[in-house]
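Just the heavy atoms: all of them, side chains too, but no hydrogens, waters or symmetry mates, feed the values below.
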Amino acid sequence: MCGITGWVSFHHDARTRAPVIEAMTAALTPRGPDTGGVWLGERAAIGHRRLSVIDLVGGVQPMTDRRSDTVLSYSGEVYNHHQLRSELRKLGHEFRTRSDTEVVLRAYAEWGEAVADHLDGMFAFAVWDEREQRLLLVRDRLGVKPLYWAAVDGGLAFASEPKALFVHPEIRPRVDADGLREAYSLLFNTGPTVWSGVREVEPGGLLVLDRDGVRERRYWQLEAGVHGDDRDTTVERIRELVGAAARSQLEADVPLCSLLSGGLDSTVLTALLAAELRLREGPDARIRSYAVDYSDQAARFTGDVLRTGHDTPFATEAGAFIGTDHSTVVLDPLALLDPEHRKAVVVARDSPIGVGDMDTSLYLLFGEIRRHSTVALSGEAADEVFGGYPWFHDPRALAATTFPWLLVTGDEAAMPLNPELDLCIGEFRADTYRDALAAVPHLDDETPAEHRQREMQHVSLTRWLRQLLHRKDRLSMAQGLEVRVPYCDHRLVEYAFNTPWALKSHDGREKSLLRATGAGLAPESVLWRPKNHYPATHHPDYNRGLQNLARDALATEQVRALADETRLKPHLDTPPDRLEWGHRLRLERVVDLALWLDHHQPELAL
């Protein structure tokens, strides 16, 4: 896992601007703490920061291929690189390293921009083709790895994170009304960002720049297909796909672990990983597993719209059942108020939108894990793939004419913006929702119920999941930790997307197929446990401290210009032990807004 950056300009000689590419590359050092490098040509400058995971010596970047006159800066992991290496050798290619990076470079030499169709994994990379005078940017199918770009004179600049773009002298951090709508509508569009002029390469998308300009296209997207398997065959196929994804993602030349919350998703994944590790290394092999908790959680846990129980007892039971080397990272709730921790999170995100204490605790958890492991595997995306969220089952959500998560959190968790800005977020949400539904593929003979469930799963996979993957990537890479997500394997996603809802809920519960797959792999208490989201602290002293931070934030002129102080005041005056989670999240976002404005000093063009 790494950070990539660079630019191409057909109007300027990049060789005269070495300090710029060096500074852009340095901005991504947390993503690649081990080593870095740059490549300079007449029309292109390419930078790379490396977190060494596979072939620690041989995978140095930017990597060049003199035979094809190409340069590669690559981030991520290609899990089928061994198979591709064999295929490419048969086609006459020679290799000097064991790295998956070189496989991507040789694959481009063989297939050009069609290289994306051959890769399985999570990745974002840039190839500069010197002969063709062409830049290729590619992002993985689900968008696990980020990739941003912005126009510069005569071309474009790109980077794993916007902060590296802002080092380029032609790109400034600027926010306009469109950016605020994108951020605070909570719709998670792909493409536009909070930053004016900065865009993402879309998940499953690629971008080509040459002297004729910029061309973008999707090389992968979800498609509707007929599912002909019965229930037993479907369960067996899911078991094969989940198992294959888990096995393929165990490769690393550095210590590896699993995130084990005690929920169904992470427990099934950890059990599969542990079993495969024992097959490879012997019956005594044990995978490390980690959970997070707060020092007040056992005594103060209070259920809310997202949380049904205390994770730690279930995680401990699951670890013992599977036979992992399990640890619980216990955090002091008051540490989540530390301004340095919160600032580090906002800097990592390059965005004012997050989930407050849950972001800070995840950042601290990843920091503790990084002391022992460089790679962690996570159960992210299982809810989107198998239908685990409440909105898949709630008649009110199924009947709603808006994105389903807005019924769960909605405006109760979105920081109210100053009405004088007149951003028309309601109309923006309505228009975006219509566009989102228009993009959903369907079969001609679907029942109304199947039609609706396909819409719910599509918006969950293409929008809701996007912000979860952003969160996990930014906060893990800020600590130099690579997090892999086997449930994002595109073959699993494709198969589950076309599985009828009757099979996805065949036992009368959420995630029926994953539960059937996990039979025998997890304790019964975990198999039948209700869905539980990432934990949050319930300590009133945390709430009190948050209210004080929010008051300080609202004392600044820039924050008051953006936030609706009148609608926030009741939350500031609520007794700390009675502050509801959604209202607390409003205050979290006020605090993050102040930190974001202070750090990035954006030009506000409103």
Side-chain angles (χ1 to χ4, degrees), residues 222-243 245 261-269 271 305-309 314 379-400 403-405 407-408 437 440-443 445-465 468 486-489 491-533:
L222 286 168
E223 297 180 354
V226 175
H227 184 89
D229 295 340
D230 61 19
R231 188 172 80 178
D232 289 344
T233 305
T234 298
V235 170
E236 182 57 34
R237 182 60 178 149
I238 291 292
R239 185 178 291 118
E240 291 172 358
L241 288 168
V242 174
S261 69
L264 176 64
D265 315 341
S266 64
T267 301
V268 170
L269 175 61
V305 66
L306 296 180
R307 298 166 192 86
T308 59
F314 292 95
E380 206 79 78
D383 287 302
E384 290 80 4
V385 172
F386 295 108
Y389 290 118
W391 54 75
F392 288 103
H393 313 272
D394 181 356
R396 186 173 71 102
L398 291 169
F403 292 100
W405 50 87
L407 302 179
V408 179
L437 293 191
V440 180
H442 291 287
L443 298 177
D445 59 350
E446 285 178 351
T447 66
E450 284 290 344
H451 188 97
R452 182 57 174 153
Q453 286 293 350
R454 194 182 287 276
E455 290 176 341
M456 298 293 263
Q457 189 169 17
H458 194 273
V459 298
S460 296
L461 284 165
T462 59
R463 290 176 176 273
W464 180 257
L465 179 61
L468 297 178
Y487 290 118
C488 283
D489 182 281
R491 290 153 299 193
L492 171 63
V493 172
E494 291 169 343
Y495 186 80
F497 180 67
N498 285 304
T499 301
W501 182 250
L503 291 178
K504 289 195 182 88
S505 57
H506 66 77
D507 62 6
R509 290 281 305 277
E510 75 285 349
K511 292 187 285 194
S512 303
L513 291 175
L514 185 59
R515 186 173 299 102
T517 295
L521 298 176
E524 287 293 309
S525 62
V526 171
L527 281 177
W528 295 97
R529 184 186 178 198
K531 165 68 184 171
N532 199 52
H533 288 257

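- The CD atom of Glu384 lies 6.5 Å from the CG atom of Leu461; values are rounded to the nearest 0.5 Å.
- With respect to the salt-bridge test (charged N to carboxylate O, under 4.0 angstrom), the residues Arg452 and Glu455 qualify.
- Taking CZ from Arg515 and CZ from Arg509, the interatomic distance works out to 4.5 Å, rounded to the nearest 0.5 Å.
- Ala245 approaches Pro486 most closely through the heavy-atom pair CB-O, 3.5 Å.
- Side chain of Ser512 to main chain of Lys504: a donor-acceptor pair is present (N/O by atom type, distance under 3.5 Å, no hydrogens or angles).
- Between Arg491 and Asp489 there is a salt bridge, since at least one side-chain N of the basic residue sits less than 4.0 Å from a carboxylate O of the acidic one.
- Ion pairing between Arg454 and Glu446 holds under the 4.0 Å rule for side-chain N and carboxylate O.
- Between His227 atom NE2 and Thr233 atom OG1 the span is 8.0 Å, to the nearest 0.5 Å.
- Applying the salt bridge (Lys or Arg N to Asp or Glu O under 4.0 Å) rule to Glu236 yields the partners Arg239; only residues at least two apart in sequence or on another chain are considered.
- When all heavy atoms of Ala400 and Leu407 are compared, the pair lying nearest together is CB-CD1, 3.5 Å.
- A donor-acceptor pair is defined here as one N or O able to donate and one able to accept, closer than 3.5 Å; such a pair exists between the side chain of Tyr487 and the backbone of Asp265.
- Between Arg237 and Asp229, no side-chain nitrogen of the basic residue sits less than 4.0 Å from a carboxylate oxygen of the acidic one, so the salt-bridge criterion is not met.
- The distance from the CD atom of Gln457 to the CZ atom of Phe497 is 6.0 Å, given to the nearest 0.5 Å.
- Because its NZ or CZ atom is both nearer than 6.0 Å to the ring centre of Phe314 and within 45° of the ring axis, Arg529 counts as a cation-pi partner of that residue.
- Shown here for Phe386 and Val242, the closest heavy-atom pair between the two residues is CZ-CG2, 4.3 Å.
- Without hydrogens or angle criteria, Lys511 side chain to Ala382 main chain gives no donor-acceptor distance under 3.5 Å.
- Under the 3.5 Å distance criterion, the side-chain polar atoms of Glu450 are matched with a main-chain donor or acceptor of Trp501.
- For the atom pair Ile238 CD1 and Leu514 CG, the distance stands at 8.5 Å (nearest 0.5 Å).
- Residues meeting the side-chain hydrogen bond (donor to acceptor under 3.5 Å, both in side chains) test with Thr517, sequence neighbours left out: none.
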